[in-house]
Amino acid sequence: QVQLVESGGGLVQAGDSLRLSCAASGRTFSTSGMGWFRQASGKEREFVATISWNGGSTYYKDSVKGRFTISRDNAKNMVYLQMNSLKPEDTAVYYCAARDSFGMGSDMSQYKYWGQGTQVTVSS
């Protein structure tokens with residue numbers, strides 16, 4: 001069992017940066033692949049980034065490559081999403097998710113545990 005709590009969202013201007021944090025509890029966190037997803041108002045939830053259990057592999061949605069960085073600190077049970085050069089189209093609720101498996105995942109169906117989300121709003 002893994003519980004997830006996101007934080008770090010807010011209202012920023014285009015071009016600014018934000019770092020989202022995801023605090024995880026549960027004994028299986030350090031062996032779980034993790035991901036960040038987002039859902040804009042009126043749209044389906046979509047994949048943003050994923051990281052393997054030890055941080056050795058990462059994968060990103062094309063539109064965030066080079067701007068966003070996912071990382072994790074297993075000693076602190078934390079996952080992060082550093083977001084730079086934010087754009088208005090990045091506005092969404094961002095969700096942290098955990099797999100019941102070691103590897104990465106880019107599909108929602110691959111994730112077993114979800115946080116409640118944190119709002120990110122980017123003004124133009």
Side-chain angles (χ1 to χ4, degrees):
Q1 187 81 10
V2 177
Q3 293 80 43
L4 304 170
V5 179
E6 304 94 336
S7 61
L11 171 63
V12 297
Q13 293 187 329
D16 285 351
S17 298
L18 274 178
R19 188 176 82 155
L20 304 184
S21 298
C22 175
S25 60
R27 61 184 180 88
T28 61
F29 168 78
S30 62
T31 59
S32 298
M34 300 293 295
W36 285 96
F37 289 76
R38 67 187 182 187
Q39 187 168 17
S41 180
K43 296 187 177 181
E44 293 187 351
R45 194 171 299 188
E46 65 176 5
F47 165 74
V48 176
T50 182
I51 189 167
S52 60
W53 70 280
N54 63 353
S57 298
T58 59
Y59 179 70
Y60 299 90
K61 174 182 175 65
D62 283 347
S63 63
V64 308
K65 284 180 183 176
R67 299 189 298 121
F68 290 10
T69 303
I70 187 171
S71 62
R72 66 189 297 162
D73 185 338
N74 285 351
K76 296 181 179 179
N77 279 13
M78 296 292 294
V79 177
Y80 306 99
L81 185 68
Q82 178 66 44
M83 306 186 295
N84 299 328
S85 302
L86 282 161
K87 303 176 181 180
E89 52 263 43
D90 295 319
T91 295
V93 177
Y94 283 71
Y95 298 89
C96 176
R99 299 194 66 201
D100 206 10
S101 175
F102 290 96
M104 301 184 293
S106 60
D107 192 275
M108 286 180 57
S109 65
Q110 296 174 297
Y111 289 82
K112 186 172 183 178
Y113 307 104
W114 292 84
Q116 293 301 306
T118 185
Q119 176 71 48
V120 172
T121 303
V122 184
S123 64
S124 58

Mind listing the side-chain donor-acceptor pairs of residues 85-92 below 3.5 Å, one per line with the distance, residues two or more places apart or on another chain?
residue	atom	partner	partner atom	Å
D90	OD1	R38	NH1	3.0
D90	OD1	R67	NH2	3.1
D90	OD2	R67	NH1	2.8
D90	OD2	R67	NH2	3.4
D90	OD2	K87	N	2.8
T91	OG1	P88	O	2.9
T91	OG1	V122	N	2.9
T91	OG1	V122	O	3.4

The side chain to side chain donor-acceptor pair (under 3.5 Å) partners of S63 (sequence neighbours excluded) come to none
Applying salt bridge (charged side-chain N to carboxylate O under 4.0 Å, His left out), can you list everything that pairs with D107, at least two apart in sequence or on another chain? none
Those residues that, when tested against D100, pass salt bridge (charged side-chain N to carboxylate O under 4.0 Å, His left out) (two or more places apart): K112
Pairs touching residues 50-84 that satisfy ring pair (Phe, Tyr, Trp, His ring centres under 6.0 Å), sequence neighbours left out: F47-Y59, W53-F102
Expected list for residues 10-21: side-chain donor-acceptor pairs under 3.5 angstrom, two or more places apart:
residue	atom	partner	partner atom	Å
D16	OD2	Q13	N	3.1
S17	OG	N84	OD1	2.9

Residue pairs, two or more places apart or on separate chains, that pass salt bridge (Lys or Arg N to Asp or Glu O under 4.0 Å) and touch residues 72-83: none
Partners meeting side chain to side chain donor-acceptor pair (under 3.5 Å) with S30 (sequence neighbours left out): none
S32: which residues meet the side chain to side chain donor-acceptor pair (under 3.5 Å) condition with it, sequence neighbours left out? none
Disulfide bond (SG atoms under 2.5 Å apart) partners of residues 29-89, not counting sequence neighbours, each pair once: none
Sorted by first residue and then second, give each disulfide bond (SG atoms under 2.5 Å apart) pair with at least one member in residues 12-95; sequence neighbours left out. C22-C96
Once side chain to side chain donor-acceptor pair (under 3.5 Å) is applied, do any residues pair with N54, and if so which ones, sequence neighbours excluded? S52
